[in-house]
Amino acid sequence: MFLVPDAVVRFFHRMASPPHFYAFTEKLMPWLVVVFVLLVSSGLYGGLYLAPTDYQQGDSYRIIYIHVPAAWMSLFIYVVMAIAGAIGLIWRIKLAEVVLISSASVGASFTFIALVTGSLWGKPMWGTWWVWDARLTSELILLFLYLGVIGLYGAIDDKRVASKAVAILALVGVVNIPIIHYSVEWWNTLHQGPTVTKMDKPSIHVTMLVPLLLMALAFKAYYLIAMIQRARVELLQRERNSQWVKNKAVEVDGL
Amino acid sequence: MAMFDAFAAIVRRDLVLAMRRRSEIANPVLFFILVITLFPLGIGAQPKLLQAIAPGIIWVSALLATMLSLDSLFRSDFDDGSLEQILLSPYPTSILVLGKITAHWLTTGLPLLIVAPLLAVFLGMPNQSLSILLLTLFLGTPILSLIGAVGVALTVGLRRGGMILSLLVLPLYVPVLIFASNAVEMASTGLPVTAQINILISMLLMALVLAPWPTAAALKMSINS
C-alpha cells in the first residue's frame, strides 16, 4: 500500500461506501456523457468519412470501427469482472459485487455485438455468415460464460450470496479463458486450412488506426456510463432500507 | 497422515454409499450407451461416416453423461445435512472435497472407460485408436469431474440447478473435448498424439491443484444461504 499515494487510497475507501459512490457518480455522469459523445462522433467521422477505402475490401472493412472495439471490450470487461470479484471476495466490499454484476450484461452485449458484426463482415469477405474461425468460436464461448454469470446471479434469490457465487464463477472463468482461447485456436488450425481466415493484412494506415483507437476509447466511456447507471440502480435496490436511500427518496419527492 | 486418513474415509464412505444405490452408477453408463446408439439411428448407418465422427460422438456423450451425473456429487449430502458436518470438520475442506470428487469419478467416470471399447466397436473405430481412446478417457473424465464440482457446488442450493449447471460447466469443458477427441482422431490415422496427451495431463494436474479451492469456497457459500 505504501506505493500508492495516500489521496488515492482515501479516494478508493470513500468510493467503497455506497452513498459516496452514488453522489460522486451523479456529478461524474454528465462529464462522462460529454466525453463519450465527443469520442464517438470524432471516431465515427474519422472512420466512416475521412479514412480511405481499403484497396482489397472496399468500404465493407469499415465495420471494424464497431467490431474490433466491441471484441476488445468483451475481453476487457470479463477481466474487470474477475478483478471486482476477487476484491469482493477478499475485502467484502459491496460496491465491488455491484460493479461485477453491473458489468456482466454490458459485457455480454459487447460480445454479442462483436459476434453479429463479425458475421456481417464475414458474409462479403468469406462468403458465409458463420465460419468456425478460432476467434469467432472463442468469442461465442465467451458469450456463454457471460450468460452463465448472468443466469447464476438470477437463479439465486439472496443477492449477497448470488454476488459471491458469481465472483467465484468469474474467477474460475478468467483462469479458463486463455486455455479455451488457445485450445480453440489450436483446434482450428488442425481442422481447416488457413485459406478462409488468412486475409492479407496490410499494416494498418494511420488514418485508419486513429479512428479505431478513438472508437475503442469511446466504447470504454460507454461501458463506464452503462455500468455506473446499472450499479446505481442496483445500489438503490440493495440499500433500499438504509437511511441514505430514504433521504434520497424524500429529496426527490420534495421537488 | 491424519489429513490423508480423512481423505480416505470420505472416499470409502462415498463408495459404500454408491454400492448401496447401484442405480446411480448404472445411470450415467446407460445414458452414455443410449446417446451413442442414437447417433447411427439419426445419421444413418454408413460405416465410413460413423467411423469419421466416432471420436467426437464418444467424447460429446461422455461430456453429457458426466454432466448429468454431477448432481449426485453433493445433492444427498446437502439434503441430509452431512455436507455441513464435512465443512465443520477440522480438516481442510478442499482435501475432503477432493475425496468426494475422487469417489464420484470412481463411480461415474471409471464405468465409462469400461464400456468405451464396446461403443468403439459399435461405431467401427479402428483398433489402433482404441488404446488412445481409453487413455484420453482416463485422463479426461477426472478433469470433467473436477471442473464440474465447481459448478455443482455453486448450484447445489438451488431448486432447479440443472439447466444453469450445464450453462456454467459445458463452456469450461471445451478444451478437454478438443484435445481428447483430436487425439483419438489422430491416432486412428496413425499420427503421433504425444502433444495432445501431454496437454491433457497438464490440464488434469492443473485441475487437481486448482479446482478443489473454488469448490470448497462455493460449498461454504451454498451452505450459508
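Reminder, nothing fancy here: chain letters follow the sequence lines and each chain counts from 1. What you see below is based on every heavy atom in this structure, not just the backbone, and it leaves out hydrogens, waters and symmetry mates.
The environment of CZ in B:F31 is crowded: more than 12 heavy-atom neighbours from other residues, nucleotides or ligands sit within 6.0 Å. Counting heavy-atom neighbours within 6.0 Å of A:R230 CZ, excluding the residue itself, gives a total of 12 or less. No more than 12 heavy atoms of other residues, nucleotides or ligands shown are found within 6.0 angstrom of OH on A:Y182. A 6.0 Å sphere centred on CH2 of A:W244 holds more than 12 heavy atoms belonging to other residues, nucleotides or ligands. No more than 12 heavy atoms of other residues, nucleotides or ligands shown are found within 6.0 angstrom of NZ on A:K94. For A:Y222, the OH atom sits in a loose shell: 12 or fewer heavy atoms of surrounding residues, nucleotides or ligands are nearer than 6.0 Å. Within 6.0 Å of atom CZ in A:R92, 12 or fewer heavy atoms from other residues, nucleotides or ligands are found, so the atom counts as exposed in its surroundings. Annotation: B:N127, atom CG; neighbour count of heavy atoms from other residues, nucleotides and ligands within 6.0 Å does not exceed 12.
With a threshold of 4.5 angstrom between heavy atoms, B:M203 approaches chain A through side-chain atoms but not through N, CA, C or O. Contacts of B:T155 with chain A are made by side-chain atoms alone, with heavy-atom separations under 4.5 Å and no backbone atom involved. Heavy atoms of A:I168 lying under 4.5 Å from chain B belong exclusively to its side chain.
B:L154 contributes atom CG, which lies 12.5 Å from atom NZ of A:K164 (distance to the nearest 0.5 angstrom). To the nearest 0.5 Å, atom CG of residue B:L158 and atom CG of residue A:L152 are 7.0 Å apart. For the atom pair CH2 of A:W186 and CG of B:N182, the computed distance is 4.0 Å after rounding to the nearest 0.5 Å. Interatomic distance, B:I178 CD1 to A:I179 CD1, rounded to the nearest 0.5 Å: 11.5 Å.
At a threshold of 4.5 Å between non-hydrogen side-chain atoms, the residues B:L168 and A:V172 do not count as touching.
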Practice item. Tell me, with the steps shown, if B:L172 and A:L145 meet side-chain contact (heavy atoms from CB on, under 4.5 Å). Key: CA-CA 8 Å; B:L172 303 180; A:L145 289 177; 3.8 Å; yes

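B:P171 and A:I180 get closest at one heavy-atom pair: O-CD1, 3.5 Å.
The six-membered or imidazole ring of B:F179 lies away from that of A:W187, with a centre-to-centre distance of 6.0 Å or more.
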